[in-house]
Amino acid sequence: MVQKKIAVVTGASSGIGAATARRLAAEGFHVVAAARRVDRLEKLVAEIGPDATAIACDVTSAESVTALAAAVEELGAPVALLVNNAGGARGLDPVETGSVDDWQWMYDVNVLGTLRVTKALLPALEAGGAGTVVTVGSTAAFTVYEGGGGYTAAKHAQNALVGTLRLELAGRPVRVIEIDPGMVKTEEFSLNRLGDPAKVDAIYAGVREPLVADDIADCIAWAATRPQHVNVDRLVVRPIAQAAQHKVAREQD
C-alpha cells in the first residue's frame, strides 16, 4: 500500500508531463504517471523509483479512464492532486480548409479528455479533504492566431471547462488551478503538430531561452504546494523573449 499522498499526472510519457512527474515525486508525492505509451512510462517510473506508478491510460477512452481511476483507488492512499496535462495540437490549417478529423482529435484530447479524467477522479480528490486539480492549458486559451483555429478553439473550451468547474466546486475542498504556458520547447509537441523538424526549428529560431518542460513543472509544483486555502486561479507563463503571442524577440545571426 502506498504511504504518501497521490498525484496523478496525465500525458506523463514525455515533455511537460514527464517533467511534472519527476518534480512532484521530489516534492513528496507518490506519482501515478498515466499515458498511452507504457514503455516510456515504465522507463520514467524506473528513473523516479518507488514513489511512482505507471498506469496505461488513453484520455480519449471512457473505459481507459475508468480503469485508471480504479487502479488509483487500489493504491490505497488519499488522492491529493490531479494534473490534467494530456493534450496536443495538429496542423496549422486555416478555418476554410480545416481538417475536421484534426479538430475533432484536438477537442477530444484537450477538452473531453480533461472532462473524463476530472469526473473519474473528483470523488477521490474530494474524499481526501484537500484536493487540487491543475489543468495545463495554453496562452491559446485566450488568444487566437492565423492557422490556429482548431487548437485555440479547443484550448478556449478547456479554459471554459476549468472556470466552470471552479465555480461549481465553490465551498467544497478542491482547488481548481490553470497553468497557461506560452512558447515551450519540448521534444514532441511542435513536431507532432507540424511533422517536419525544419518547420519546428523555424518556430524557435533566434529565440533566446524558450521555456522548457522543467519550467512548467516548476510552476505546477509551486501552485499545487501552496497552502490549501490559496488558489492560483490562472498562471500565465512565457519566456522573457515572448511578450505576447504575436510578439517574439529573435536574435539575428
Side-chain angles (χ1 to χ4, degrees), residues 1-12 15-34 48-53 55 68-69 72-73 75-87 114-115 117-139 141-142 155 158-182 184 211-240:
M1 181 178 290
V2 169
Q3 301 300 317
K4 296 181 177 181
K5 290 183 178 180
I6 291 172
V8 179
V9 181
T10 65
I16 292 171
T20 299
R22 296 184 189 98
R23 177 60 185 270
L24 292 176
E27 293 285 348
F29 291 94
H30 183 92
V31 176
V32 171
I48 294 173
D51 289 330
T53 299
I55 299 178
L68 168 66
V72 170
E73 183 178 4
L75 294 176
V79 181
L81 174 61
L82 165 62
V83 180
N84 284 311
N85 170 72
T114 298
L115 174 63
V117 178
T118 301
K119 284 179 59 179
L121 291 176
L122 191 55
L125 287 161
E126 185 169 10
T132 301
V133 178
V134 175
T135 298
V136 180
S138 168
T139 53
F142 48 87
K155 285 301 185 181
Q158 185 184 47
N159 168 255
L161 183 161
V162 171
T164 303
L165 179 67
R166 187 181 300 112
L167 294 173
E168 292 172 348
L169 293 182
R172 293 159 65 181
V174 180
R175 298 183 295 182
V176 179
I177 295 168
E178 182 178 356
I179 308 292
D180 289 323
V184 183
L211 298 178
V212 295
D214 284 339
D215 294 321
I216 308 307
D218 182 50
C219 293
I220 292 168
W222 175 82
T225 56
R226 295 311 86 205
Q228 188 65 21
H229 71 284
V230 178
N231 196 98
V232 180
D233 284 7
R234 166 184 273 182
L235 178 59
V236 178
V237 53
R238 295 186 175 99
I240 192 171

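The figures here come from the full heavy-atom set of this structure, side chains too, leaving out hydrogens, waters and symmetry mates.
Under a 3.5 Å cut-off, the side chain of Gln158 and the backbone N or O of Leu115 do not form any donor-acceptor pair. Using modelled atom types, one side-chain atom of Arg175 and one backbone atom of Ala224 make a donor-acceptor pair closer than 3.5 Å. A donor-acceptor pair is defined here as one N or O able to donate and one able to accept, closer than 3.5 Å; no such pair exists between the side chain of Asn85 and the backbone of Ala12.
Between Glu178 and Arg166 the shortest heavy-atom distance is N-NH2, 4.3 Å. Summarising the geometry of Ala25 relative to Ile48, their closest heavy-atom pair is CB-CG2, 3.5 Å, with the distance given to 0.1 Å. A pairwise comparison of heavy atoms in His30 and Lys4 identifies N-CB, 3.9 Å as the closest pair. Considering every non-hydrogen atom in both Ala120 and Ala69, the closest pair reads O-CB, 3.8 Å. Scanning all heavy atoms of the two residues, the minimum distance from Ile179 to Pro181 falls at O-CD, 3.3 Å. The shortest non-hydrogen separation linking Ala34 to Leu68 is CB-CD1, 4.0 Å.
Atom CG of residue Asp51 and atom CD of residue Gln3 lie 11.0 Å apart, to the nearest 0.5 angstrom. Separating the CD1 atom in Ile6 from the CG atom in Leu125 is a distance of 10.0 Å, to the nearest 0.5 Å. One finds the OG1 atom of Thr20 at 10.0 Å from the CG atom of Asp218 (value rounded to the nearest 0.5 Å). Atom CG of Leu122 and atom CD of Glu168 lie 10.0 Å apart (nearest 0.5 Å). One distance of note links OG1 of Thr114 with CG of Leu161; it measures 6.5 Å at 0.5 Å rounding.
Val8 places none of its side-chain heavy atoms less than 4.5 Å from the side chain of Ile55. Counting only heavy atoms from C-beta outward, the side chains of Asn231 and Ile177 approach each other to under 4.5 Å. Side-chain contact check for Val184 versus Asp215: every heavy-atom pair is 4.5 Å or farther apart. Side-chain contact between Ile220 and Ile16 is present, with heavy atoms from C-beta onward closer than 4.5 Å.
Leu81 pairs with exactly one of Val133, Thr225, Thr132 by the side chain to side chain contact (heavy atoms under 4.5 Å, CB included) rule, that one being Thr132.
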Practice prompt. Show your reasoning for whether salt bridge (charged side-chain N to carboxylate O under 4.0 Å, His left out) applies to Arg23 and Asp214.
Written response: CA-CA 8 Å; Arg23 177 60 185 270; Asp214 284 339; over 6 Å; no
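By the neighbour-count criterion of 12 heavy atoms within 6.0 Å, atom CD1 of Ile240 is sparsely surrounded, having that number or fewer from other residues, nucleotides or ligands. More than 12 heavy-atom neighbours from other residues, nucleotides or ligands sit within 6.0 angstrom of CD on Gln228.
Annotation: side chain to side chain donor-acceptor pair (under 3.5 Å) contacts of Asp180 (sequence neighbours excluded): Arg234.
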